[in-house]
Amino acid sequence: MCTVTLSYDQNNTLARRKLAALLATGLFSQQLPDAIEPTLDEKQENREVIEAFLNHSKKSMSHVIARYL
């Protein structure tokens with residue numbers, strides 16, 4: 001299996017049509033770039049942001065939820 005990399009103007013209608021036609025033949029497939037794994041520091045930072053968001057959400061919605069309990 002070989003890999004071909006194409007560069008084209010995404011605003012060029014003809015280029016997009018030609019690329020779509022090429023992919024439609026079934027002879028070629030499109031590969032998505034590998035996802036970059038976040039570092040441990042980024043994971044911890046994201047976890048802290050999520051925790052803060054959830055805590056704020058619980059506090060701001062508590063009076064609404066209490067009304068229906």
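Expressed to the nearest 0.5 Å, how far CG of L14 lies from CG of L19 amounts to 11.0 Å. Rounding to the nearest 0.5 Å gives a distance of 8.5 Å between CZ of R16 and OH of Y8. Here the straight-line distance linking atom NZ of K59 with atom CG of L54 works out to 12.0 Å at 0.5 Å rounding.
L32 and L6 fall into different hydrophobic clusters, where Ile, Leu, Val, Met, Phe, Trp and Tyr residues are linked whenever their side-chain heavy atoms come under 4.5 Å apart, directly or through other members.
S60 places a side-chain N or O within 3.5 Å of a backbone atom of H56 that can act as its donor or acceptor partner.
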List the atom pairs, with distances to 0.1 Å, where a side-chain N or O of residues 21-30 and a protein N or O form a donor-acceptor pair under 3.5 Å, not counting sequence neighbours.
residue : atom : partner : partner atom : Å
T25     : OG1  : L22     : O            : 2.6
T25     : OG1  : L27     : N            : 3.3

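When the shell of 6.0 Å around CD1 of I36 is examined, it contains 12 or fewer heavy atoms from other residues, nucleotides or ligands. Within 6.0 Å of CG on L40 lie no more than 12 heavy atoms contributed by other residues, nucleotides or ligands.
Pairs engaging residues 36-53 under the salt bridge (Lys or Arg N to Asp or Glu O under 4.0 Å) rule: E37-K43 [sequence neighbours left out].
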